[in-house]
Trainee: 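Quick one: this structure, given as C-alpha cells, is what I'll be asking you about.
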Amino acid sequence: MKPPKVVFVCQECGAQAPKWAGRCNECGAWNSLVEERAPEPAATGAAAGNRYSQFAQGTSAKLYADVENANAQRLSTGIGEFDRVLGGGIVPGSLVLLGGEPGIGKSTLLLQAAAHFAREFGPVLYASGEESEHQIKSRGARLGIGEAPIYLLSETCIERILEEIARLKPALVIIDSVQTVFSLKFQSAPGSIGQVREAATQFLFAAKGQNIPTVLVGHVTKDGNLAGPKVLEHVVDTVLSFEGERHHSHRVVRAVKNRFGAVSELGVFEMTGAGLRPVANPSKLFLSERATGTPGSAVLCCVEGSRPILVEVQALVSTSTFGNARRMAIGIDQNRLSLLLAVLEKRAGLSLAGDDVYVNIAGGMSIEEPAADLSVVAAVASSVRNRGLAPATAVFGEVGLSGEVRGTPQAALRIREAVQMGFTRLIMPAANVDPADVALSEGGCELVGVRTIGEALDQLIA
Ligand code: TYD
Ligand code: MG
C-alpha cells in the first residue's frame, strides 16, 4: 500500500513544504511547520470531483445596473452598539469573525445578540465546541434571556454542524469557536491552520450558498493576533476585534475589516453582573472619575471611526532615583511619547533629563491617532510645572518635530462632542478653526487656535 502523502504546513502563514524544516521558507517563523496529510486529489476531472462544485452553478456575468443593492438590507442584532460596528446590522449571507482574548466576553455578547435576533428574525443556531448546553443555558439565565428560539449544539465536527444548518435553516449561525471545530477530511488537530482554513471556507460557502449570516468566534494569541489565521481575515467579510482590559469593566468592539461598513468603527460596552450593557455615551464613562484641576491631567477629544470620544490623558513626571530615567506609556505608542518629550525639551524649553515620565490613558483605552499629541504634551508640561490645566478645557492636535501644531481630520466632530459634554474651551490647531465651526460652537465653547506648542501651553497653563 502506498503510504499517505504528507505535507508540512506553516502554522503562521499557511505555506506548504514537502519536507520538515526548522524555519519556514516563506515567512521565516521558527519551528512552525506541522505535518498534515495532503488532501486527496479530486477523483476525476474538475467538474465531477470538486466538492465545491455545487456552489459554482448558475453563475453568469450580470450587468452592473441589474445588480440589486444588497447593502439596503440589514438585520439588527437588537444591540445598538453592536449594530454600529457591523455598519448598521448584519448583512444577510455575510461571514463575520469576532476575535478577542479568552474571557473578554465574546460568548456573552453573541448569546445576547442571538436572543434578540431569534425573537426578531427566527431561530438561531449556536454551535459551541467549548461549552456544554448546560453551561450556555446557565449563562443565558444569568443574562435574563427569556423565551427565544435558540438551538444549542455542543459539537465540533464541521460536517455535523453543516447538517444541522441544512436541517434547521436558521436565521443566524454562531460558531464558538473556529479553533475548536474540525473537518473529517483532515487528520490534523483542531486549531491547526489547515483545519481553521477549512472551517472558514466551509462556513463561507454555507453562509453564501444558503444566505444565512454566520458569526465565527476566533481566539487571539498572546501577541494579539488572531490565532493562526491571517488566512481567515481574507476569507471573511467582516473582522471585529473585542478589546478591553480584564480589570476594567468596559469593553470595546472594533471593526478591523468590513466589506459592508466603515473600519475602525467602535462599539462600547460595560460588563455588568447581567451581561454586556451598551454604553451610549462613552465620553461620560471615560471622564467619570476625573479629578478636575489636578496637575498632569488633560482631556483629549479623539475620534475612533466616525465616533468622537473624550478621554483623560494623565502624565506623571518625577525625579528619577536610579541612574537611567524611565519612560512608560500605557494606551499610546512608546516611540510617540519619546518623540513628544524630545520636542518638549527642544522647543518648549522643558528639562526632562533625569526625570521618570509616565503617561496613561485613563480607563484602559488605547489611542493611535496623532491628534492625541497635544494632549500628551499638555499633560506632561502640566505635571512638570505642577499646575493644573485650565478648567473645562479640552485639547486635540498633532505635534510636529519643530514644535508646530498641525491640523487633524474631523475637527467638527470633535468640537461637537466637546460642546455636548459641557466643555467651554477647546485648544486646537489653528488650521482647524474655520468660521463654520465657530458658528457651530455657539453653545458657549470658545475655540482657541494655536500654531505652536508654546502657544498651546500658554493658553493651557495659566
Ligand atoms: P465570556 O463571554 O465567556 O468570554 P469569552 O467567550 O470571550 O471567553 O465571558 C466571560 C467573562 O465575563 C467571565 O470572566 C465572567 C464575565 N461575565 C460577567 O461579568 N457578567 C456576566 O453576566 C457574564 C455572563 C459574564
Ligand atoms: Mg467563550
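Atoms within each ligand, like the ligands themselves, are counted from 1 in listed order. Each residue takes its place number in the sequence, starting with 1.
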Trainee: Compute the shortest N/O to N/O distance between Glu131 and ligand 1 and return yes if it is under 3.5 Å, no if not.
Mentor: no
Trainee: Could you name the option among Gly103, Gly105, Gly99 that has the heavy atom nearest to atom 14 (O) of ligand 1?
Mentor: Gly103
Trainee: Take a 6.0 Å sphere around NZ of Lys137 and say whether it holds more than 12 heavy atoms from other residues, nucleotides or ligands.
Mentor: no
Trainee: Does a donor on one side chain and an acceptor on the other come within less than 3.5 Å for Glu130 and His219?
Mentor: yes
Trainee: Can you check whether Arg327's main-chain N or O pairs, donor with acceptor, with Gln334's side chain at less than 3.5 Å?
Mentor: yes
Trainee: Measure from the Mg ion (ligand 2) to each N, O or S atom of Thr108 and report whether any distance is below 2.8 Å.
Mentor: no
Trainee: With a 4.0 Å cut-off on heavy atoms, is Ala274 touching ligand 1?
Mentor: yes
Trainee: Less than 6.0 angstrom from the centroid, inside 45 degrees of the normal: does Arg414 satisfy that with respect to the ring of Phe396?
Mentor: yes
Trainee: If you count the atoms of ligand 1 from 1 in the order shown, which ones are under 4.0 Å from a heavy atom of Leu143?
Mentor: 22 (O), 24 (C)
Trainee: Show me which atoms of ligand 1 lie under 4.0 Å from any heavy atom of Thr272.
Mentor: 18 (C), 19 (O), 20 (N), 21 (C), 22 (O)
Trainee: Between Asp176 and ligand 1, is there a nitrogen or oxygen pair with a distance under 3.5 Å?
Mentor: no
Trainee: For a quick check under 3.5 Å, do Glu243 and Ser241 share a side-chain donor-acceptor pair by atom type?
Mentor: yes
Trainee: Indicate the ring-plane relationship of Phe269 and Phe242, choosing parallel, tilted or perpendicular according to the 30° and 60° boundaries.
Mentor: tilted
Trainee: Out of Leu266, Leu109, Leu276, which residue meets the side-chain contact (heavy atoms from CB on, under 4.5 Å) rule with Val253?
Mentor: Leu109
Trainee: Donor-acceptor check, side chain of Ser383 to backbone of Val317, threshold 3.5 angstrom: yes or no?
Mentor: yes
Trainee: Can you tell me if Val217 has a non-hydrogen atom under 4.0 Å from ligand 1?
Mentor: no
Trainee: Specify side chain, backbone, both or neither for Pro102, according to which of its non-hydrogen atoms lie closer than 4.0 Å to ligand 1.
Mentor: backbone
Trainee: Test of understanding: given a 4.0 Å heavy-atom threshold, classify the contact between Lys106 and ligand 1 as side chain, backbone, both, or neither.
Mentor: both
Trainee: With heavy-atom distances below 4.0 Å as the criterion, list the atoms of ligand 1 near Met271.
Mentor: 12 (O), 16 (C), 17 (N), 18 (C), 19 (O), 20 (N)
